[in-house]
Undergrad: 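Questions regarding the structure given below will be posed in turn.
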Amino acid sequence: MAFIPNPLFEQEMEQAPESIEALTAAAEGVRDEASRLMPRGSDDRRGRTADKFYVDSSGETVFVSNADRSFYHLSEFGSANNPPYAPLRRAVRAAGLRFEEAPKP
């Protein structure tokens, strides 16, 4: 008996409810770790940023995002006055997942 590969296997796995549930659970772990990695310090903005990570699993793709539109880029990538804490990138890599930036709308 010869093995016949299923050309739709990857697509079927991505759409399976069990796969979405497993990815959502992993994303929630990433969200919690990113929040933990974000320093809170004395600056109120950092504390707010740490509390704004969220998971979006409304479609076939699962996202972990930061809702702090004003300051997220400073915590993730740094600036002349801020080091790059990279909480989201570090949390994704710690979970063994792949970090991809979402395209800008």
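One-based numbering along the sequence shown. In what follows, every heavy atom counts, from backbone to side chain, and hydrogens, waters and symmetry copies are set aside.
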Undergrad: Please list, chain by chain and in numerical order, all residues satisfying side-chain contact (heavy atoms from CB on, under 4.5 Å) with Ala27, sequence neighbours excluded.
TA: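 Only Val55, Val62, Val64 meet the side-chain contact (heavy atoms from CB on, under 4.5 Å) criterion with Ala27.
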
Undergrad: Nearest 0.5 Å, what's the CD-CG distance between Gln11 and Asn6?
TA: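 Interatomic distance, Gln11 CD to Asn6 CG, rounded to 0.5 Å: 9.5 Å.
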
Undergrad: Give a yes or no on whether Glu10 atom CD has more than 12 heavy-atom contacts from other residues, nucleotides or ligands under 6.0 Å away.
TA: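 At most 12 heavy atoms, drawn from other residues, nucleotides or ligands, come within 6.0 Å of this atom.
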
Undergrad: Enter the distance from Ser65:OG to Leu88:CG here, rounded to the nearest 0.5 Å.
TA: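 Nearest 0.5 Å value for the OG-CG distance: 7.5 Å.
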
Undergrad: Using a 3.5 Å distance criterion without hydrogens, assess whether the side chain of Arg90 forms a donor-acceptor pair with backbone atoms of Leu37.
TA: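 Answer holds: no.
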
Undergrad: Are Phe77 and Val92 linked, directly or through intermediate hydrophobic residues, by side-chain heavy-atom contacts shorter than 4.5 Å (ILVMFWY only)?
TA: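 They do not share one cluster, since no chain of ILVMFWY contacts under 4.5 Å joins Val92 to Phe77.
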
Undergrad: Can you find a pair of side-chain heavy atoms, one from Leu97 and one from Arg93, that are under 4.5 Å apart?
TA: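 Side chain of Leu97 against side chain of Arg93, heavy atoms only: no contact under 4.5 Å found.
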
Undergrad: Is a side-chain donor or acceptor of Thr24 paired with a backbone partner of Ile20 at a separation under 3.5 angstrom?
TA: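 Here the side-chain-to-backbone pair exists.
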
Undergrad: Taking the hydrophobic residues Ile, Leu, Val, Met, Phe, Trp and Tyr, and joining any pair whose side-chain heavy atoms are under 4.5 Å apart, which ones share a cluster with Phe9?
TA: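 Listed partners: Met13.
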
Undergrad: Are the side chain of Glu76 and the backbone N or O of Arg89 linked by a donor-acceptor pair below 3.5 Å?
TA: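 Looks like yes, one N/O pair under 3.5 Å.
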
Undergrad: Where do Ala91 and Ala34 come nearest, in terms of heavy atoms and distance?
TA: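 Shortest heavy-atom separation between Ala91 and Ala34 comes out as CB-N, 3.6 Å.
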
Undergrad: Taking all non-hydrogen atoms of both residues, which atom of Pro87 and which atom of Ser75 are closest, and how far apart?
TA: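 Nearest heavy atoms, Pro87 then Ser75: CD-O, 3.7 Å.
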
Undergrad: May I have the step-by-step check of side-chain hydrogen bond (donor to acceptor under 3.5 Å, both in side chains) for Asn82 and Ser79, ending in yes or no?
TA: CA-CA 5 Å; Asn82 299 309; Ser79 71; 3.2 Å; yes

Undergrad: What residues form a side-chain contact (heavy atoms from CB on, under 4.5 Å) with Asp56, not counting sequence neighbours?
TA: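 Partners of Asp56 under the side-chain contact (heavy atoms from CB on, under 4.5 Å) test: Tyr54, Ser58, Phe63.
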
